[in-house]
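Report on the following structure.
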Protein chains: 2
Amino acid sequence: MTASAPQRETPTSPARKRAHSGKARRNDAHEIGLDALVGHAGYAVRRFQIWIFQDFVKTLASVDIKPTQYSVMTVIGANPGLTQMAVANRLGIERARLVHLLDSLERRKLVKRVKSKSDRRSHALHLTAPGETALAKFKRLAAEHERHVEDKIGKGNREKLLEILGGFT
Amino acid sequence: MTASAPQRETPTSPARKRAHSGKARRNDAHEIGLDALVGHAGYAVRRFQIWIFQDFVKTLASVDIKPTQYSVMTVIGANPGLTQMAVANRLGIERARLVHLLDSLERRKLVKRVKSKSDRRSHALHLTAPGETALAKFKRLAAEHERHVEDKIGKGNREKLLEILGGFT
DNA sequence: AGCAATTGTTGTCGTCAACAACAATCTTTC
DNA sequence: GAAAGATTGTTGTTGACGACAACAATTGCT
C-alpha cells in the first residue's frame, strides 16, 4: 500500500485548477483530463457500446425493435425449434428475462411457442409467417445501422473490430 | 449464406434414452448458428463489454470498486476541484446519478464535497488523503485487469481497439 | 429588481442482470 | 417402478442504471 509520497499522481500540474471566476464553462467537457481513464479498454468499449446501442434503437425505431429482441428473433429464425433454454444460453441472457422478451414478441405475433412433443416441459420456438417477413425488414434496417457504424469508425476499422471481438459471439 | 439449422432436439423418438454413457451433452450452446448476428458490431461489442465489465469487477472485488466508481475517482483525482456537473458531463452520466455515486464514495471517505466559494450552488470535488492512496491501489488493480484484456484478445489487438475507439472517450 | 438559467438533490419510471422459489416434467438411481 | 434429483418455464424480488421531472438555493442577465 504504500506510499505516502505519491509518485505520479497528478501529472496535470497544480495550475490545473480551472479558473472558475469568470464565465469560462460552456463545453469544456472535453477539456477535462481523463488521466488514466484513457488507455482503459473497458471505458472506451462502454462509451462505444452506448453509442452503438442508441444508433441501433434509433435506426430501428420505426419498427420498435431493440437489440435484444432483434438477437432473439435472429437466432430463432436461423434455428427454428430451439427451446427457451437453448436460446437463453446461446445469447447469454437469463432464461427468466427471455420469458418476458418472448411474451412481448408473441403478443406481437412475431414468434410462437409450440409445445414440444418430446419434452413436455419445453417449448419449441418458431417465427410466425408475419414474423419471418418482419425479420427480413429488421435485417435491412440493421444493415443500415451497420453502415452508420462504418461511417463512424471507418469501414476497415469496423471489420478489424469484428475480427478482434469475433471470439465473443 | 447461412445454412439452415441442423440443430434439433431428439427428433421424436418414442424411447429416447441416451443410448450411450451417461454424461449428457452439456452445453451445445455454441453449436447453434447465429446467422446474421455474426457480423453485427453491436452484438460483438455488447458481449465483449459484458466480459470486460465482469473481469473488472472481479479483479477489483477486494477493494469493492466498480467501473463507474473508478472512473469518477480517476477524473476527480486528475482534476481536483471539479463540480459535479463537470464530472457528470465528462463521463456522460446523469448528474442525478452522480449524486448517489458521490454519496457512496463520500461515506467511504474516499472523496469529499467542498462548498465552493465562488459559486455557492456547487461543490468542488476532491479526493481525501486516504482516497488518494486508495486510488493508487485501484489503478494497480485496474492495470492488472487491463493485462487480462491483453491475455484475452492479444496485446496488439487491445491497442488497435483503443485506437479505433479512441474518439469515444 | 425581476426573470431565466444553473446546480445539487430527490423522486419516479422503465430497462436490465442476478437470484430465489415454484410447479410441471424428465432423468437417474436404487 | 417409485423415490430422489435435475431441468424447463414461470413469477417475483432485488439492485444497478439511464432518462426525466420537479424543486430549493443561488447565479446570471437585462
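This is a predicted model, so every value here is computed, not measured. Labels below follow one simple rule: chain letters A, B, ... track the order of the sequence lines, proteins then strands, and each chain is numbered from 1.
By the side-chain contact (heavy atoms from CB on, under 4.5 Å) test, B:Arg120 pairs with no residue at all, sequence neighbours left out. Annotation: side-chain contact (heavy atoms from CB on, under 4.5 Å) contacts of A:Val63 (sequence neighbours excluded): A:Leu60, A:Ile65, A:Lys137, A:Phe138, A:Leu141. In this structure B:Lys66 satisfies the side-chain contact (heavy atoms from CB on, under 4.5 Å) test together with B:Val57, B:Gln69, sequence neighbours excluded.
The distance from atom CD of A:Gln84 to atom P of D:dG9 is 5 Å, rounded to the nearest whole Å. One interatomic measurement links the two molecules: CE of A:Met85 to C1' of C:dC26, which rounds to 14 Å at whole-angstrom precision. Counting to the nearest Å, the P atom of D:dT8 and the CG atom of A:Leu82 are 13 Å from each other. Residue A:Lys117 contributes atom NZ, which lies 18 Å from atom C1' of D:dT8 at whole-angstrom precision. The distance from atom CG of A:Asp103 to atom C1' of C:dG14 is 17 Å, rounded to the nearest whole Å. In this structure, the CG atom of A:Leu102 is 9 Å from the P atom of D:dG9, given to the nearest Å. With rounding to whole Å, A:Arg113 atom CZ is found 15 Å from D:dT8 atom P. The interatomic distance linking A:Leu98 (CG) with C:dA18 (P) rounds to 15 Å, in whole Å.
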* **Under 4.0 Å protein heavy-atom contact, by nucleotide of nucleotides 15-25 of chain D - B base, S sugar-phosphate only** => -SSSBB-B--B

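Residue pairs that meet the ring-ring contact (aromatic ring centres under 6.0 Å, His included) test with at least one member in residues 93-114 of chain B, sequence neighbours left out, do not exist here.
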Listed pairs under 3.5 Å, donor-acceptor, residues 147-156 of chain B side chains, sequence neighbours left out:
unit_1, atom_1, unit_2, atom_2, d
B:His148, ND1, B:Asp55, OD1, 3.1
B:His148, ND1, B:Asp55, OD2, 2.9
B:His148, ND1, B:Thr59, OG1, 3.4

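Checking D:dG9, D:dT27, C:dT10 against every side-chain atom of B:Asp119, the shortest atom distance belongs to D:dT27.
Relative ring orientation between B:His40 and A:Tyr70 is described as parallel, the plane-to-plane angle staying below 30° on a 0-90° scale split at 30° and 60°.
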